[in-house]
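None of the values given here were measured: they were computed from a predicted structure. Below, chain A is the first sequence line, B the second, and so on; all start at residue 1. Side-chain atoms are counted along with the backbone in the values below, which use heavy atoms only and exclude waters and symmetry mates.
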Amino acid sequence: NAGVTQTPKFQVLKTGQSMTLQCAQDMNHEYMSWYRQDPGMGLRLIHYSVGAGITDQGEVPNGYNVSRSTTEDFPLRLLSAAPSQTSVYFCASSYLGWGQPQHFGDGTRLSIL
Amino acid sequence: TQLLEQSPQFLSIQEGENLTVYCNSSSVFSSLQWYRQEPGEGPVLLVTVVTGGEVKKLKRLTFQFGDARKDSSLHITAAQPGDTGLYLCAGVGTDSNYQLIWGAGTKLIIKP
């Protein structure tokens, strides 16, 4: 019973590099979302998707891209990494929407040098 | 913009003591969720409250949703070291986006 799987768990990048954070869920959830968590700031929504082929911006979308070609996968792309993007990134999914329980992965800890 | 303020930000108490964590807003929420997060892991849902005035109990944890659905509290009785973690509240907004609004969290440490 995998739930939400995020890879990698840790990553160090140099400024200007690009990379993709992977997120997969096996619960057939329609809603998927990406958050970043910084000390003292709680969870901030980056991008979200309400179903395959549909994505939208959250609170802090700049510098990030997403796509949702399948129900299971929701990758997050950093286009040109900046030190301000150093954070812990969490992917979450839920069955029908925001009022439903959010199931989180274990996060990706990303450092940008 | 709807905001959720959690207090205290940090709490360190001895095993066996009682504590209350607050989640407050000037806005109305259609429902509110409480999560606990342990180091190196994602948040895990503890409870969802939906009705104004609702009280839910989860063993030694008691959750209450305010009558006006603008605030919530989490009370822990006889805290144990296993209660240590980051407690987050999240409200479903009533504005056009209906997104989850997250509090900044309360870091709780229970000392043996």
Query - Heavy-atom closest pair, residues B:Gln33 and A:Gln100 - result: NE2-O, 3.4 Å
**Report entry** Linked, directly or transitively: B:Phe63 and B:Leu11 (ILVMFWY side chains, under 4.5 Å)
**Finding:** yes
Query raised in the report: So how far is it from B:Glu41 CD to A:Phe104 CZ, rounded to the nearest 0.5 Å?
Result: 13.0 Å
Query raised in the report: Just how far is it from atom CG of B:Leu100 to atom OG of A:Ser94, taken to the nearest 0.5 Å?
Result: 8.0 Å
Report summary line: Minimal heavy-atom distance between B:Leu45 and A:Pro101, with the atoms involved, is CD2-CB, 3.4 Å
Query raised in the report: Quick one: of B:Gly105, B:Gly40, B:Gly42, who has the most non-hydrogen atom pairs under 4.5 Å with chain A?
Result: B:Gly42
Requested in this report: Flag yes if B:Val49 and B:Phe29 sit in one hydrophobic cluster, no otherwise; membership is Ile, Leu, Val, Met, Phe, Trp, Tyr, and two members link when side-chain heavy atoms are under 4.5 Å apart.
Outcome: yes
Query - Cluster overlap A:Tyr35 with A:Tyr64, hydrophobic side-chain contacts below 4.5 Å - result: no
Report task. Check whether B:Gln6 gets within reach of chain A through its side chain, its backbone, both or neither, counting any heavy atom under 4.5 Å. Result -> neither
Query raised in the report: Does NZ in B:Lys56 sit with more than 12 non-hydrogen atoms of other residues, nucleotides or ligands closer than 6.0 Å?
Result: yes
**Report entry** Spacing of B:Trp102 atom CH2 and A:Arg44 atom CZ [to the nearest 0.5 Å]
**Finding:** 14.5 Å
Query raised in the report: Crowded around B:Gln9 CD? As in, over 12 foreign heavy atoms under 6.0 Å?
Result: no
Report task. Select one option (side chain, backbone, both, neither) describing which atoms of B:Tyr35 are under 4.5 Å from chain A's heavy atoms. Result -> side chain
Query - Flag if over 12 foreign heavy atoms under 6.0 Å of CD, B:Glu5 - result: no
Query - Smallest separation among heavy atoms of B:Ser31 and A:Gly99, with atom names - result: OG-CA, 4.4 Å
Query raised in the report: For the hydrophobic clusters of this structure (ILVMFWY residues joined by side-chain heavy atoms under 4.5 Å, transitively), does one cluster hold both B:Leu61 and B:Phe65?
Result: yes
Query raised in the report: If two hydrophobic side chains count as joined below 4.5 Å and joins carry through other members, does B:Leu74 share a cluster with B:Tyr22?
Result: no
Requested in this report: Measure A:Gln37 against the heavy atoms of chain B and call it side chain, backbone, both or neither at under 4.5 Å.
Outcome: side chain
Query raised in the report: Does any heavy atom of chain A fall under 4.5 Å from the side chain of B:Ile101, the backbone, both, or neither of them?
Result: neither
Requested in this report: Measure the CD-CG distance between B:Gln37 and A:Asp106 for me, rounded to the nearest 0.5 Å.
Outcome: 9.5 Å
